[in-house]
Amino acid sequence: MTGQRIVRPPTAFSVASTKQRRPREKNESHLSFIRSLKCCICGAPGPDAAHLRAASVIHGKRETGGSEKPSDKWVVPLCRTHHTQQHGMNELRFWAMHNIEPFGLALSLYAHSGDDEICESVLNAHRPPK
């Protein structure tokens, strides 16, 4: 059988083709809801919707950074002061310093988005004692 040729697409052996990013999930109503809550650390009103950039394999969260923003389900309410601190140091160290597990918190808030009563209870359970 001469004359037959196997044709491969140009990306057949490309490593880059296996590393496609998943599209970011956007949810503006959830971000607005998060901004209506109180800071998960100090309880100050009017927080930012702070995205978690660190990874958590247990929670199915991959690391993001640079120009890539995480999906909107990975947000927690942080006042401006704590949001600045979160981005000014190692993120996992920041959360450990405040004794908060942020991935479970973000997922709980996302699962109950829009329910003020449940989310306030979730925040109180995660907020460090004063």
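What's counted below: heavy atoms across the whole structure, side chains too, no hydrogens, waters or symmetry copies. It should be emphasised that the depicted structure is a prediction, and the values quoted were computed from it without experimental measurement.
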Here the gap from Leu105 atom CG to Trp74 atom CH2, rounded to the nearest 0.5 Å, amounts to 11.0 Å
Should the pair Phe103 and His59 be assigned to parallel (<30°), tilted (30 to 60°) or perpendicular (>60°) ring geometry?
-> parallel
Carefully, step by step, assess Glu117 and His112 under the rule side-chain contact (heavy atoms from CB on, under 4.5 Å).
-> CA-CA 9 Å; Glu117 187 178 339; His112 301 289; over 6 Å; no
Validation row: Leu78, Thr84 side chains within 4.5 angstrom (heavy atoms) | no
Any donor-acceptor pair under 3.5 Å from Glu91 side chain to Ala54 backbone = yes
State, with a plain yes or no, whether a side-chain heavy atom of Val75 is found less than 4.5 Å away from one of Phe33.
-> no
Decide yes or no for Ile100 and Arg127: does some side-chain heavy atom of the first lie under 4.5 Å from some side-chain heavy atom of the second?
-> no
Between Asp48 and Arg80, is there a side-chain N and carboxylate O pair less than 4.0 Å apart?
-> yes
When rounded to the nearest 0.5 Å, the distance separating CD of Glu101 from CD1 of Ile58 is 8.5 Å
Can you establish whether the number of heavy atoms outside Asp115 located under 6.0 Å from its atom CG is more than 12?
-> yes
Between the OG atom in Ser71 and the CG atom in Asn27, the distance rounded to the nearest 0.5 Å is 10.0 Å
For Glu28, does the CD atom have more than 12 heavy-atom neighbours from other residues, nucleotides or ligands under 6.0 Å away?
-> yes
Are Tyr110 and Leu52 linked, directly or through other ILVMFWY residues, by side chains that come within less than 4.5 angstrom of each other?
-> no
Is there a donor-acceptor contact under 3.5 Å from the side chain of His126 to the main chain of Val122?
-> yes
Would you mind reporting whether Pro77 and Lys38 have side-chain heavy atoms less than 4.5 Å apart?
-> no
For the hydrophobic clusters of this structure (ILVMFWY residues joined by side-chain heavy atoms under 4.5 Å, transitively), does one cluster hold both Ile34 and Phe94?
-> yes
With side chains defined as the heavy atoms from C-beta onward, is the minimum distance between Met97 and Ile41 less than 4.5 Å?
-> no
Distance col, row Ser32:OG vs Leu37:CG, nearest 0.5 angstrom, shows 11.0 Å
Atom CG in Asp72, atom NZ in Lys26: separation rounded to 0.5 Å?
-> 8.0 Å
All heavy atoms of Cys79 vs all of Cys39, minimum pair found to be N-SG, 3.3 Å
Got a donor-acceptor contact below 3.5 angstrom from the Gln86 side chain to the Ala50 backbone?
-> no
Heavy-atom distance under 4.5 Å between the side chains of Glu25 and Lys73, does that happen here?
-> yes
Roughly how far, to the nearest 0.5 Å, is CG of Asn124 from SG of Cys119?
-> 11.0 Å
